[in-house]
Each structure stands twice: as structure tokens, then as C-alpha cells.
Amino acid sequence: MLNNLTAHEAHSLLASKKISSVELTEAVFAQIEKTENKLKAYVTLTKDEALKRAKAADNNGNFTGLAGIPIAIKDNMCTKGILTTCSSKILANYLPPYDATIVEKLAAAGAAPIGKTNLDEFAMGSSTENSGFHTTHNPWDLNTVPGGSSGGSAAAVASGECILALGSDTGGSIRQPASFCGVVGLKPTYGRVSRYGLVAFASSLDQIGPLAKDVTDSAWLMNVLAGYDPKDSTSVDIPVPDYRMALVNDVKKFRIGLISDLMGKGTDEAVKAAIKDAARKLESLGAIVEEVSLPTFEYAVPTYYLIAPAEASSNLARFDGVKFGHRSSDAPDLLTMYYNTRREGFGAEVKRRIMLGTYALSAGYYDAYYLKALKVRTLIKQDFEKAFKHFDVLISPTAPSPAFKIGEKAADPLSMYLSDIATIPVNLAGLPAISLPCGFSGGLPIGLQIIGEAFAEEKLLQVAYTYEQNTEWHKRRPTL
Amino acid sequence: MKYETIIGLEIHAQLLTESKMFCACSTKFGAKPNTNICPVCTGQPGVLPVMNQKAIELAIKTALALNCKIEKSSVFARKNYFYPDLPKDFQISQYELPLATLGHLDIVVEGKKKRIGITRVHLEEDAGKLVHKGAARIMGATESLVDYNRTGVPLMEIVSEPDLRSPAEAKAFMETLQHLLQFIGVCDAKMEEGSLRCDANISLRPAGEQKFGTKTEVKNMNSFKAVFKALKAEEKRHEEVLSEGGKINQETRFFDDITEQTIGMRSKEYAHDYRYFPEPDLVPIEPSADWLAKIKNTSGELPEAKRDRFLNEYKLPEADAEVLLATPALTAYFEECLKLYDHPKTIANWLMGDLTAYLKTNNLAIEQINLTPAQLVEMLQMIDKGTISGKLAKTILVEALKSGKTIKDIVAEQGLTQISDEGEIKNIIDEVIEKNPKQVGEFRSGKDAVVMFLVGQVMKLSKGRAKPDAVQKLLRQKLGQ
Amino acid sequence: MKIDVEAVAKLARLGLSPEEKKLFGEQLSRILDHADTLKKLNTDKVEPTSHAIPMKNVLREDKVIPCANVDDILLNAPQAEEHMFKVPRIVE
């Protein structure tokens, strides 16, 4: 089945003219036809546009990099003239007047965008249950969540409903769904990939990154995504390496720290066992693995749910019924229009976070909550800096458990927030991290998280690649 | 009881940039609604701001001219509030860490110099424009329309210390500031057009009292005159309330320029809570010493220093200095002339006299004339050489201003060169003596004053081209024979 | 921690049902109680981190680039008139 190919495999076949991009794209849509009603990974499909791009790639015939590869885009990235909803009712009819920088980059690379994937509304959530439209199902077990917020992208990659996908990660939204769906997810260093056109959730934490079937594909997609963008003041102007060069099967003498704080009572036994196995595997390949403690980790979750909602409360103010998106039909005056539009347009989790963030920034509470959180953020960053004096990379579980059941945590927001304990500190410190499959429990995948220093994506890729080349987990595919 | 008035001003000045503060849209005024807009300044989901270097440099230039301390690190912050003219529903401004602090501006009121403290100078973005339907103002309107052309235009906010003690001082402050902003070229500073705006905080306290009284904020003052009138009215209102034992409510008041009274704006049902926090999409401004030096170099000499130089070095009277410094263009014109012709007073006389008169009559600004400083100087040099007379020069100047022709061409075309050839003058004198026997007789019989009449006749016949002193000398010689 | 849900919702221009007000009040109180664990950390001498990757002076040249998609921007307006965005009566 062509749709189950990785991007680099498909590339070889395209380059040697054994297959065409149109065939590949049609195979992907055939799979979508077959499984999408069970998965609900997409919000919008753009088959005509995808086939047009595929044809153009075939006509061009010069297949370099991702040319002719069908790719799915998380629906919080702006695509000119194509619905961009953030899985929110408030943006259900929004047609962006511009393309996100990464969408332009994909077009320049000749990739074929096939559709926009489902997410937790405005990327707020860990399960896609907060989507304003529908919940995406995990292809490994349709009764479980695919993770979130990039659950649609992760499920689409895992099920072969696309070759590659883009996700965004604010507190784990690429890595946790990658872990739940048994695929590879990379969150780049803050500033490595342009955020221009990514609908902001928490501006100081958001990053776009790849969701892929293996580490090699992640490196290939990073080659297209990474780089300075004059439209994003926080994107960093340093040279972009060829990430494929980091795909070296060797971790000898690599110093790897296993984060002990994430191997305690909050983490499933099966997950702990899988991570310990992975650590031993790396050791057997020549790496030096030691335990390390980052004591401020326990403060990361509360720090995050003060900072992220505060920024979100401001970022989401613009959804007010004046310029775009939903406007309530019950709008006798401006103030009522605001109240009703936002009440009708936003879901419960978004409202909750707007409330939380508004409160954390409000007069009298700013110092106690928001400023305090920014200071603790410094301590968390310093903890990482200390650890990286001794270690090349750090490893941990990506999530404390495999995918949970749909509905299981929906009633308890705090427990949902706490399940992001392993991924959140990485965003607070702006670091790169990758999640890749390292085992299964009850038929559900388990993810290994590898964290690096700022702009050390190559090291992550090398360790991940070595692990992958010496294990078989990434070759398993769900049967639907 | 006698009261002391305390006034502090908050000024907003639109900076003279081509593009907006955070996007590449034009700042041009008067375009069709919503044409100078883009995804960024309309707050489309996903867009990001990028700072305009020129805007920052103009604000720093101003801060330096106001003797401020430029902060080592300054940060933009989001000011959060919902309003349709604010597309993101927050304004990017500066809060805890402004661009510059602790400066001062000297003003002169009734001949006395006074130093007014500047609290801070910071940058922010302008809001859009609302057009109300069904009524002239927001009150009574049935719907409103929003134009985002102005949204994102760079604004500089200048906040003064509460150092002003009268409406006259407030007006003088605004005038001095306007002059400075225009002079250093950061803002065209026209209150009537809204490129310079001002809100005032005013309070009164019993003379001798240290504690400030309750203040009100006065808005909608669209001219210097309005600043003065509004504050006068508000000062009077405070005084009346206080002297009757009443209390001033802390509130915002709107100046109505028809009734010339301030009106309390309906107080909001809840207090503003702007929830400022550092703008995560922008990075700090940390000007290096080099960058600051470069900006300072573009400022040139400030008006005050120029004034001192005009008085002391050029020995110009104070009134002349005042006039020459009135507009930056006139000052520049004067200094341009001076580079070519080292007679400051002569240049000043011509600029303040004939040139200014011409501009006034024709309702022109000096920027609009074709006559270059080099041309003017050429004319002055012709006078010095005696090629033309001072009197003729006045005609030539007007002709040059009107026609745009060069001085040389005008002089040549009209044969206006001064006649210094004695033979030619003598011929004219002979003609005058012949035509005016009566006056000649009177002169010869001792009526000396009549000589001026005869000189006048000679001048007339020569069409003003004869040199008057030469004429008189030759005439006396001839009649004395 | 007790929260004035009404006031916060007003600031955020969020219309909430009575049930939502009650639910959010409870949930936010719990979350904020949990956030109070941060108080255990002494941060007196700690600088706040707004940006994880420190940067400064990212500027653009003052150059006008007209936007090609002005009409697409207006196309999204829920209501427009005379090339402007229309909003209902403003009462404060």
C-alpha cells in the first residue's frame, strides 16, 4: 500500500519514476475513504488541490526532498483561501487571506497538502475531545483518544491517511499524540521554525514541528520547516544544518540522563518498564546512561497553566465577531454581541483557560500568579542548563500512560493538565524534544522522549535514529 | 481661598514613518477606508508583529532631544481591552519598561524660563477609526463602521511631570514641544489634523498645600487654543466646586469646543483593568552605544542651541532669532544662505522683510518657493557690487519668486543693471536740467532741498538704474558749475 | 481561593451560563489552589523569563509593501458596509 510508505521511501520510488505523485496521493485518499469515518482525523480535505499539486510535481519530474509527497496540516495553520478553523465554531467559516510561512515553504518544496487535521479547539487539550467539531479516534484502539492537541495529525500519520503531517506543540501537543499513536513527533527549539501563520495559543511556547512514521522523515521535514523568518521576530537567525546528516547509527560515548522525577509513582508501570528497556538498549549501543533529577519539574505544570492561559486570554481576544469568524445573531449592541459571540463560539476548555488567564493577569493577582510563574520558569530553565552540563541528551517517558479512553478525563481538567508533566517543562525552557515509539502496553504504543539543548536537534535525531535502527517498534502499523 | 493649579500632560505624536509600527502598510492619511491594511494590522489569526526600526529611531531621537535617559532594555507590553477600533483587542504599547525616562523640556512663559520634567517617552500603535451611523457621535448612533487604515500607525507617547502651574504654561509646553518635534523632523505635529494629540490631568490645591488634590483628565483638545480654553474652563470648575466645599470626582472629561466647557463622560460601570503583560511576540529593544550615537548624529543642533548661536555668534537681535527659528524650513533656508554669504543680519532682513511679506500675501510656505538660497545670495552679492540697487532688488526678488526665473536672467532681460557709467548718468542729468528750469532756478537761488526732487527725476528717467549717490554728486557738480 | 467569576468573565467578554459560572468557579479554584504550590519556591532573587531564547533588537526596515489581499480581509467580515467593518450600536 503506497499510503503506508514513509516519505523517504516514497521519494525513492518517485525519483526513480516507479510511482507517480498522483498515484501516491490517490492511495492516501483511498485510505481516507476507507478509514476516515472511523478515525475522524480531518476537519477539511482538499483533494482537488492536492491532486493539482501532485500533477504539477509529476510534470516537473524533478523529485527532490518532499516534492510530490502528500502532507497533512494541522488546522491551526493558515492556508490562504482554505478553511482554517482551529477546530473551533468561532472560526468555522474562516478563510485566511494569507498563507503561514511553513505553508509557503511546503509549497516551495513541492509537497502536496491534502487537508487540515483535527485538534483540540485552539490546541488546548491532550485528546482532541475539545474539538468544536468531533473527537478523533486512536487508530490502535478506536475507544481511546489519539492524544492532543495534534491528535488529528498523529492519527492520520499512524493510519496511513497521509504520508507526513505538521503539528504544533505548546505543552506537548506534538509529542504526546505521537506517543499515543506510535509515531515520531519532534518539537523544535523555540524560534527554529517560523510561527507566522500559526494561530497563537501561547506565543512564548508554541512551535510547529513534524509528525512522521520514522525519524528519517522527521529530519526530512525539518529541512523544509526550519529557518529564520523576517515575519516572526522570535524566529532565530542562525544557519540551518542538513538534518539528514544527523541520521547516524551511533550513540557511543553519548551521555544520556534518564530523568528520575518522571519515573515515579505518577507513571504507569508498563511505561516505566518500556523506558528502562529503552535506556538499556541505548546503553548496549555504547551510550552512558545515568539517572538525573530535575527537582523543579514538579512545578512545571502549575507554571504552565498560569503562563499559557494568560497569553491565550490575550491571543484569543480578537475572536470577537467584528472582523472574521462567528458573530452571534443576538447582537443588539456591541457588548451583548461580544458576550454572545464568544459564548456561542468557544467550547468549555477554551473558556476555562481564557478565564484562568484573565484572572492570572488581572490587577492584584499578576505578581502572585503570572509573575511568579515567569520566575519559576527561570528556575526550570536553569535546572535543564545544569543537567546539560553533564549530559548530551535527557530521556523520559513522553506521557505517564498510553492513550486513555475517550471520556475518561474529560470531566477533570486538572488531571488532564497533570498528564502533560513530561512534555511541559521542555516548552517552558524552549528546548527541542522528540518522541518515538519504544514499546506497547495492552496494544497501545508507548513513547520515549529525548530532550536536547537549544538548537541541538541533530543530537536528538542521532540518538532517536540509532534507537530506531536497532529496534522494530516503528515498523508496527495499526490495523483498521 | 487661593488655589494652585497642577497640570500634567500626556501627549501622543504620530511618527513620520513610511510604514506602520509593526507591518509594511502605508501610514498615508486620507486613503479610501480599509485600503492601507494587511493581515497583521487587522489582527488576523496567526499574524505576528515586527518592529519598525525608523519608528524606534525617531522616538529615541525625541527622547534625546528631551534630555531623557534611554533605557538599556525596554519592552513592549500588551494593553488588553475590547473595542472595535482595536483589531487584536489589545494594543501593543509599553508599560513597565518604556524606551526612555527622566527628561525635561524648557519653556518660556511671560519672558521667564521654566523647566518641565518629562516622566517617560514610549512607543505604541495607533487604533483605527470609527464612523458612527445615525448620529455625529457615538451617543445616539445606531451602528458604527470601522476603518483600520490608521491602525498600527506608530505613536510616541510623551508624559510630562505635573510641573505645569497654569493653562498658559500647558499651552506654552505644547507649543515648545510642537516646535521641537517639527524641528528634529520626527512628527509633523499638527493638532488640528490629529498628528499631535494631548490629554491633560488637572487638579487644584490650596496655595501652600503639599498634597495634590483630586485630578480630572481632560480629553478632546484639538488645538493649542483648545488646550488653553479647556484647562481654563476646568480650572474654573474645580475652583468653584472646591470653594463651595464640594468634592472633585476623579473622572475623564470631554472638552466641547462649541460651549467651551468640559463635560463629564459617563463613568464606566467597572474599572479598567488592562492586564498588561510583556508582548511575547516581540523581543526587547537594547540600543547599543553605537546605535544611539548614530541616532544622535541625525538630530543636528537643537532649537535652543541654535538660538544661542544666532544671538551670540551672529549678533542677531532676539526678535530676529525668534522669527528665523519659527519653522524648521525657514531656519534651514537662513543657514543655507549663511553658508554662501557671511552677513547674517542682511540675510535676516531680507528673509523677515520682503520674502516673508511675499509668502504671506500669496499664502505660501517657504518650502513651496523655487528661489534657492544660492539665488537669494547671488542677488545680495549684486547689491553689494553695485550691479543693482537695493530698491531694484525688491522688484527683482518678487519677479524671481513669481516667475521662477533666475536673478541673472531677470536682470539681463529687463536691463536692470545699475548704471554706474558717469557719462550715461550725465546725459540723463542734462535732460532733467533742461526739462525742469523752474526747479533748477530755485536750487541755484539757494533752495538746497530741491536737489532731491531733481535726483528723483533722474532716477525716474533711468528707470531706477542710476546709482542715487552718484546722481546727487554729479547733479551738484553740474549745477554748481 | 475564591474567584469572582462574574468580574473575570466580564473582563474577558465571555457570556457564561449560570451552570458554567458555578462549574468554572469550582474548577478554577481547584486549579489555583494547586498553583499555590509555586509559593513553596523562593523566587526573591530570580529574574522572570518571558522568552526562553533571549534575543534583542529584531527590526524591519521602514518600507511600504502594499498588501495584495485587502479584499480577502474584508470578505471575512461578518458584516461590512462601504468597505468598512460594521458593528452594532456601541453602548459602554
Side-chain angles (χ1 to χ4, degrees), chain B residues 17-20 22-28 32-40 42 44 50-57 73 75 80-84 89 130-134 138 141-148 266 268-270 273 275 277-280 282-288 291, chain C residues 1-16 21 24 28 32 35 38 43 46-92:
Chain B
T17 57
E18 296 292 321
S19 65
K20 291 185 179 179
F22 298 116
C23 67
C25 287
S26 169
T27 54
K28 274 213 180 67
K32 190 183 156 218
N34 292 308
T35 49
N36 290 336
I37 60 166
C38 75
V40 176
T42 53
Q44 299 293 310
V50 185
M51 298 184 265
N52 183 336
Q53 177 167 352
K54 178 91 181 285
I56 289 165
E57 289 176 348
S73 181
V75 165
N80 294 286
Y81 65 97
F82 284 80
Y83 210 65
D89 289 302
L130 287 172
V131 179
H132 302 295
K133 290 185 67 185
I138 190 164
T142 50
E143 297 171 309
S144 299
L145 301 174
V146 200
D147 171 11
Y148 291 120
R266 217 148 43 89
K268 304 269 159 73
E269 50 179 316
Y270 47 88
D273 182 349
R275 290 157 287 136
F277 73 103
E279 165 59 278
L282 291 169
V283 302
I285 306 166
E286 298 180 6
S288 66
W291 191 19
Chain C
M1 175 58 68
K2 194 102 180 81
I3 297 174
D4 185 349
V5 175
E6 196 100 20
V8 178
K10 221 168 208 180
L11 268 179
R13 297 293 187 270
L14 270 180
L16 297 179
K21 278 180 199 164
F24 288 166
L28 295 184
L32 288 168
L38 296 186
T43 52
V46 181
E47 287 293 317
T49 294
S50 298
H51 287 102
I53 309 294
M55 289 172 72
K56 61 180 181 187
N57 300 338
V58 178
L59 307 165
R60 43 168 269 276
E61 195 192 337
D62 179 28
K63 215 175 104 187
V64 174
I65 305 167
C67 170
N69 314 314
V70 169
D71 291 333
D72 294 343
I73 293 174
L74 264 116
L75 220 60
N76 276 299
Q79 278 191 58
E81 199 176 297
E82 298 169 37
H83 219 255
M84 288 188 269
F85 297 83
K86 189 156 95 174
V87 296
R89 188 163 62 93
I90 301 174
V91 277
E92 308 228 337

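Below, chains carry the letters A, B, ... as their sequence lines are ordered, and counting in each starts from 1. No hydrogens, no waters, no symmetry mates; every other heavy atom, side chains included, goes into these values.
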Non-hydrogen atoms of chain C under 4.5 Å away: do they reach the side chain of B:Pro284, the backbone, both or neither? both
So what's closer than 4.5 Å to chain C heavy atoms on B:Thr42: side chain, backbone, both or neither? side chain
Test C:Asn57 against B:Glu286 for side chain to side chain contact (heavy atoms under 4.5 Å, CB included), laying out the working first. CA-CA 6 Å; C:Asn57 300 338; B:Glu286 298 180 6; 4.3 Å; yes
Go through the atoms of C:Lys86 and report whether side chain, backbone, both or neither lie under 4.5 Å from a heavy atom of chain B. both
Which atoms of B:Pro33 come close to chain C, meaning under 4.5 Å heavy atom to heavy atom: side chain ones, backbone ones, both, or neither? both
For B:Lys28, is it the side chain, the backbone, both, or neither that has a heavy atom closer than 4.5 Å to a heavy atom of chain C? neither
What closest approach, in Å, do C:Ile90 and B:Ser144 show between heavy atoms, and which atom pair accounts for it? CD1-OG, 3.7 Å
Go through the atoms of B:Tyr148 and report whether side chain, backbone, both or neither lie under 4.5 Å from a heavy atom of chain C. side chain
Chain B: which of C:Asp72, C:Ile73, C:Asp71 shares the most heavy-atom pairs with it under 4.5 Å? C:Ile73
Which atoms of B:Glu279 approach chain C - backbone, side chain, both or neither, heavy atom under 4.5 Å: backbone
Measuring heavy-atom distances to chain C, does B:Val75 have an atom under 4.5 Å in its side chain, in its backbone, in both, or in neither? neither
Would you check if the side chain of B:His132 reaches a backbone N or O of C:Arg89 as a donor-acceptor pair within less than 3.5 Å? no
Turns out that what part of C:Ala77 lies under 4.5 Å from chain B's heavy atoms comes down to neither
C:Pro66 side chain near B:Ser26 side chain, heavy-atom distance below 4.5 Å: no
Does atom CD of C:Glu81 have more than 12 heavy-atom neighbours from other groups under 6.0 Å away? yes
Treating B:Asn34 as the side-chain partner and C:His83 as the backbone partner, does any N or O pair qualify as donor plus acceptor under 3.5 Å? yes
Side chain to side chain contact (heavy atoms under 4.5 Å, CB included) between C:Leu74 and B:Ile37, intermediate numbers included: CA-CA 10 Å; C:Leu74 264 116; B:Ile37 60 166; 4.3 Å; yes
How close do C:Val64 and B:Glu18 get, heavy atom to heavy atom, and via which atoms? CG2-O, 3.3 Å
Interchain contact, B:Leu282 with chain C, by part (heavy-atom threshold 4.5 Å): backbone
Check B:Cys23 against C:Arg60 and note the closest heavy-atom contact, atom names and distance. O-NH2, 3.0 Å
Find out whether B:Asn52 and C:Leu59 are in side-chain contact, i.e. whether some heavy atom of one side chain is under 4.5 Å from a heavy atom of the other. no
Which pair of heavy atoms, one from C:His51 and one from B:Pro280, lies closest together, and at what distance? NE2-O, 3.0 Å
Determine whether more than 12 heavy atoms belonging to other residues, nucleotides or ligands lie under 6.0 Å from atom NZ of C:Lys56. no
